[in-house]
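For ligands, and for the atoms within them, numbers begin at 1 and follow the listed sequence.
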Amino acid sequence: MNLYDRIPNNVNLSEDKKLQRALEKWLPNYLDWWREMGPDGFQEKDVWLRTAIDVGSEGWAHFDYVKMPDYRWGIFLEPPQPDAKVGFGDNYGKPAYQEVPGEFRNALRRIIVTQGDTEPASVEQQRQLGKTCPSLYDLRNLFQVNVEEGRHLWAMVYLLHGYFGRDGRDEADALLERRSGNPDKPRILEAFNQPCDDWLNFFAFTMFTDRDGKYQLSALAESGFEPLARTCQFMLTEEAHHMFVGDTGLGRVARRTAQLMKQGDVRELGGIPLDIIQKYINFWFSYSLDLFGGEISSNSADFFAAGLKGRYKEREQYTEHSAANEMFTMTVVEDGQLQTREVPLRNALNEVLRGEYVKDCEKGLARWNKVLADEGVSERLYLPNPRFHRHVGEYAGHTFDLEGNLISREEFERRKDEWLPTMEDREYVRSLMHPVVEPGKIANWIAPPAAGIKGKPFDFEYVRL
Ligand SMILES: [Fe+2]
Ligand SMILES: [Fe+2]
């Protein structure tokens, strides 16, 4: 572990001078980007952060006060497996690729660039949130997510620099040039151009959109291209905390709302009504579903055949790894109606991965509904049907209600304010967002967490302001 190199790493960077020089050239550009687009107004504050110092299952994270620009963004890969093999597809059982297979160079670069682009994008989306934090605990969690997304960018840039030569370096530069929501140079995926300017958005984003990241990274952690697999495996250990922030964040909002519902009118009491929480769920869940790509996809078939992108827990969950002769039944729109269609399984793998994701999201909903039940209110939160409000794939271009029934565009337009956050909803939520920065204090619209971070109490000074 070369933790005290300029770029901390466990990939023996000092032995590859060319790569080290290329990354050291990229480093100041990255720091410029961080200062320009990272958390606004808190760069010089001490934040109690965890830093990856080892990839071992124990003690990989070290907690201490750090100023964010001094955070040690590093390159950490899971240790190599001796005799690693391609775990699925047409090359099943052959030695894992240590270099990029020539015929899939472009596809693989695209996968890495697309994943890499989401990491700085989310930091940009969240850069103003610190100013309205509901507590120091939440402020610290926001910054933890932000620095780790920065590190995930490093992980992808390492692969681009290390394995793709000149065009990889150009792509690494472009990752610092695009900007979330900028019409001239937007981020690649639409969910990462949506504003995330209040904390309800932030919690829904980390619950639903970071969770898409979990499934994409899990599929890539199965990859036969070993450097990618090892990189993604380690990113997943950090990603778990991001989803924890979203999952428990929304659960705490639901708890507070339920408490206020018992006292009177939630709005008058300064809380977030349940129907607004539901609309935010509908919005972020549907945008996050789009991130899995089209239901029927020749790319998904090609990536699987090549051994580049597997299924969720491919090695653990499946005994048959070719997926060559099976069919998958899905619902599509044909002649203005919903119909079932049989699709070769390999062409349906985006939908298979999306299905795993939906199951995981449902567990979150069950946790929030348990909170509501525990607080003694009878209302419940739910996930909309996956066809609702889609912009990518088979259902894009058609309109559906929350149950997934095909409806006319006119009906959708007439009813969309019941289903998706309106301007007024967003303004109302923003009107509640006032910073609470006294240790141990919390905003009125959210319940405190069940526990602090790493054994510290809730009233610990997580950020020194
Ligand atoms: Fe990430
Ligand atoms: Fe994340």
Side-chain angles (χ1 to χ4, degrees), residues 30 33-34 37-39 47 49-52 55 60-61 68 71-78 111-127 129-130 138-160 172 175-176 178 180 187-194 196 199 201-221 223 228-250 284-285 287-289 291-292 309 312 353 357 360-361 364 453:
Y30 171 80
W33 167 82
W34 177 268
M37 296 310 296
V47 186
L49 291 176
R50 75 173 178 190
T51 305
V55 296
W60 67 267
M68 284 182 276
Y71 182 82
R72 297 189 67 74
W73 284 285
I75 296 164
F76 299 104
L77 274 63
E78 286 288 319
I111 290 174
I112 293 168
V113 166
T114 306
Q115 177 64 40
D117 194 65
T118 66
E119 316 287 356
S122 66
V123 174
E124 294 167 1
Q125 285 169 291
Q126 296 161 15
R127 78 180 289 258
L129 285 174
D138 290 290
L139 185 62
R140 176 259 168 219
N141 284 349
L142 167 70
F143 295 156
Q144 184 71 59
V145 171
N146 292 159
V147 293
E148 286 175 354
E149 300 304 8
R151 206 199 63 72
H152 293 174
L153 172 60
W154 272 94
M156 293 295 118
V157 163
Y158 160 72
L159 294 174
L160 289 171
L175 284 167
L176 296 177
R178 287 185 287 272
S180 175
R187 291 294 174 181
I188 295 169
L189 298 169
E190 260 327 288
F192 294 87
N193 288 308
Q194 302 298 319
C196 188
W199 281 76
N201 272 324
F202 174 63
F203 292 136
F205 183 94
T206 40
M207 169 72 192
F208 292 111
T209 308
D210 280 82
R211 193 173 306 274
D212 156 72
K214 168 183 165 183
Y215 282 84
Q216 300 303 334
L217 293 174
S218 297
L220 295 175
S223 184
L228 177 63
R230 290 166 53 206
T231 304
C232 291
Q233 278 157 19
F234 184 63
M235 290 162 76
L236 281 165
T237 59
E238 291 171 322
E239 209 56 57
H241 174 69
H242 308 180
M243 288 174 284
F244 163 86
V245 169
D247 189 345
T248 56
L250 280 176
W284 285 106
F285 178 66
Y287 264 113
S288 302
L289 290 174
L291 297 172
F292 289 82
K309 187 176 178 187
Y312 181 63
L353 193 60
Y357 167 83
D360 201 18
C361 290
I453 295 288

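Counting only protein atoms, the N, O or S atoms lying less than 2.8 Å from the Fe ion (ligand 2) are E149 OE2, D210 OD2, E239 OE2, H242 ND1, ordered by chain and residue number.
Taking the salt bridge (Lys or Arg N to Asp or Glu O under 4.0 Å) definition, one finds that R140 meets it with nothing, sequence neighbours left out. With sequence neighbours excluded, the residues that form a side chain to side chain contact (heavy atoms under 4.5 Å, CB included) with T248 are F244. By the salt bridge (Lys or Arg N to Asp or Glu O under 4.0 Å) test, D138 pairs with R252, sequence neighbours left out.
Salt bridge annotation for E148-R50: present, with a cationic side-chain nitrogen under 4.0 angstrom from a carboxylate oxygen.
The side-chain heavy atoms of L142 and W199, taken from C-beta on, include a pair separated by under 4.5 Å.
No option in E124, R151, R127, Q126 other than Q126 meets the side-chain hydrogen bond (donor to acceptor under 3.5 Å, both in side chains) test with N146.
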